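Lettering of chains follows the sequences in order, A, B, ..., and the numbering in each one begins at 1. Everything numeric here is computed off the predicted structure, so don't read it as measured data.
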There are 2 protein chains.
Amino acid sequence: MLSNTEENYLKALLYLTTDEAGKKEAGTNDLAAHLGLKPATVNDMLKRLKEKAYVSYKKYGKITLTRAGRDIAVFVMRKHRLWETFLCEVLAFSWDEVHEVAEQLEHIQSDKLTERLDKFLNYPDYDPHGDPIPKPNGKMPPRATTLLSSVAIQQSCTVAAVKDTSSVFLQYLEQLSIGIGTKIRVMEKISFDGSVILQVGKEKITVSEKFANSLLVD
Amino acid sequence: MLSNTEENYLKALLYLTTDEAGKKEAGTNDLAAHLGLKPATVNDMLKRLKEKAYVSYKKYGKITLTRAGRDIAVFVMRKHRLWETFLCEVLAFSWDEVHEVAEQLEHIQSDKLTERLDKFLNYPDYDPHGDPIPKPNGKMPPRATTLLSSVAIQQSCTVAAVKDTSSVFLQYLEQLSIGIGTKIRVMEKISFDGSVILQVGKEKITVSEKFANSLLVD
DNA sequence: TATAAAAGTTAGATTAATCTAACTTTTATT
DNA sequence: AATAAAAGTTAGATTAATCTAACTTTTATA
């Protein structure tokens with residue numbers, strides 16, 4: 001059985017190599033930066049994970065997850081997202097509060113717990129941030145890929161997911177009454193700085209380019 | 001913040017010195033036996049816990065929890081019992097399956113989670129084994145103290161708690177359709193071996209002295 | 001009360017996870 | 001292509017948690 005620490009390395013590797021993070025290859029430094037550790041530390045751990053056949057790489061080369069490693073990482077992600085859903089929907093946490101707690105809960109080892117929790121939540125496909133929850137077989141529901149910034153003028157869309165899960169962003173969304181499922185119409189784009197004017201309910205609001213690049217829509 | 005390991009030592013000490021375990025003093029060997037560790041290991045840890053002022057003892061003497069140590073142990077117990085209740089009542093675990101999982105969940109650090117869980121469960125006073133759940137202030141609802149074995153012949157009583165939480169015992173109770181709240185009438189006691197004949201619902205059953213010493217009733 | 005048994009402690013070793021400092025290899029840039 | 005920068009590795013140290021083996025103190029008993 002893997003330690004929490006080992007699980008965290010695999011999860012980080014999954015994240016870094018799944019182009020959520022922008023790129024597809026991961027090196028020692030990327031991992032170290034992502035985990036807040038020193039490259040030397042990561043190097044040591046990678047040796048052990050390679051030994052145990054959870055990762056694959058050659059000296060000075062890029063690191064990839066093996067099938068076994070990816071399966072574990074996906075399962076940890078499944079637990080993380082189920083717990084986030086539980087915290088929001090059942091215990092009324094707000095979506096900016098769930099992450100840290102889910103970071104702990106994702107390491108609880110009990111298949112029965114995971115499956116019962118899934119059932120209790122009625123087998124959700126997406127977590128409170130709109131991220132897909134892997135199924136027990138490792139398959140993932142489709143992830144929204146359209147950025148709000150790429151929606152044409154006068155088009156309407158529905159918020160499907162957030163690309164940025166930082167508290168500041170989530171609280172800002174809260175303040176604007178925007179959440180998963182909110183209908184948005186793009187009214188105007190300012191070419192000067194990429195700002196976008198949106199219709200949200202009866203309100204007309206202006207948001208930055210950075211904002212429009214942080215929301216995924218259907 | 002304490003490690004899971006440190007929390008487990010404090011919890012064990014609380015258990016051993018709260019006469020649930022029969023006695024009120026705990027030594028290195030008792031702790032080692034209870035935790036499945038070697039006395040030398042426990043000795044080392046006790047030094048650190050003393051350093052941090054969670055326990056108090058003098059060399060070769062008996063160990064007691066300080067106020068701070070007891071507060072932490074009680075809080076861990078609170079979390080353990082709330083999670084057991086959650087697993088049974090919400091996720092339909094049977095009462096012999098919850099312990100191991102609760103052993104993991106009890107270490108999750110989030111006051112908000114604990115309080116929200118308590119609220120969601122409607123502030124239960126007792127867990128699925130009939131053990132009192134400490135309140136946020138550390139106070140405990142009263143614990144049943146009457147053993148089934150001490151109930152007089154022809155008296156009726158209600159099962160309040162189990163003294164033994166081993167799977168074998170809990171599954172046996174399940175098989176006999178006895179749970180917390182079950183009404184029992186003591187029909188006869190066999191002086192030869194301490195066996196007791198009980199009326200449970202419409203059934204008349206005979207149980208051992210050991211059994212009658214493992215159930216607490218009101 | 002002397003002494004054997006039980007309880008508790010110390011010393012030294014091991015493993016996991018981390019660090020810093022120094023070194024090597026790869027890559028990117030002039 | 002030479003060389004500077006970035007990336008990756010190694011060596012040696014530290015801390016937490018565990019062990020075994022040997023030793024000391026307390027307690028129980030003959």
>> With a 6.0 Å cut-off (strictly less than), is the heavy-atom count around NZ of K135(A), excluding the residue itself, greater than 12?
In response: yes

> How sharply is the helix from dT1(C)-dA30(D) to dT30(C)-dA1(D) bent, taking the axes over five pairs at either end and rounding to 10 degrees?
Replying inline: 10°

>> Under 4.0 Å from a heavy atom of chain B: give me the 5'-most and 3'-most nucleotides of DNA chain C that qualify.
In response: dA7(C) to dT10(C)

>> Any carboxylate oxygen within less than 4.0 angstrom of a Lys/Arg side-chain nitrogen, looking at R78(A) and E115(A)?
In response: yes

>> Could you measure the distance from the CG atom of L82(B) to the CZ atom of F120(B)? Nearest 0.5 Å is fine.
In response: 12.5 Å

Using atom types as modelled, flag every donor-acceptor pair under 3.5 Å from a side chain in residues 99-106 of chain B to any protein atom, sequence neighbours excluded.
unit_1, atom_1, unit_2, atom_2, d
H99(B), ND1, H80(B), NE2, 3.3
H99(B), ND1, E84(B), OE2, 3.4
H99(B), NE2, E103(B), OE2, 3.0
E103(B), OE1, K11(B), NZ, 3.2
E103(B), OE2, K11(B), NZ, 3.1
Q104(B), OE1, Q109(A), N, 2.7
Q104(B), NE2, Q109(A), O, 3.0
E106(B), OE1, K11(B), NZ, 3.4
E106(B), OE1, H80(B), ND1, 2.8
E106(B), OE2, K11(B), NZ, 2.7

> So, Y54(B) versus Y9(B), ring centres under 6.0 angstrom or not?
Replying inline: no

>> Between D44(A) and R48(A), does any side-chain N to carboxylate O distance fall below 4.0 Å?
In response: no

>> What contact category does T41(B) fall into here, base, sugar-phosphate, or nothing, at under 4.0 angstrom with non-hydrogen atoms?
In response: base

>> To the nearest 0.5 Å, what is the distance between CG on L31(A) and CG on L13(A)?
In response: 5.0 Å

> At under 4.0 Å between heavy atoms, what does K58(B) touch on the DNA or RNA strands: base, sugar-phosphate, or nothing?
Replying inline: nothing

> Got a second to check how far F86(B)'s CZ is from D118(B)'s CG, nearest 0.5 Å?
Replying inline: 13.0 Å

> If you pin A40(A) and N4(A) to their nearest nucleotides in DNA chain C, which one's is more 5'?
Replying inline: N4(A)

> Of E6(A) and Y60(A), whose closest DNA chain C nucleotide lies nearer the 5' terminus?
Replying inline: E6(A)

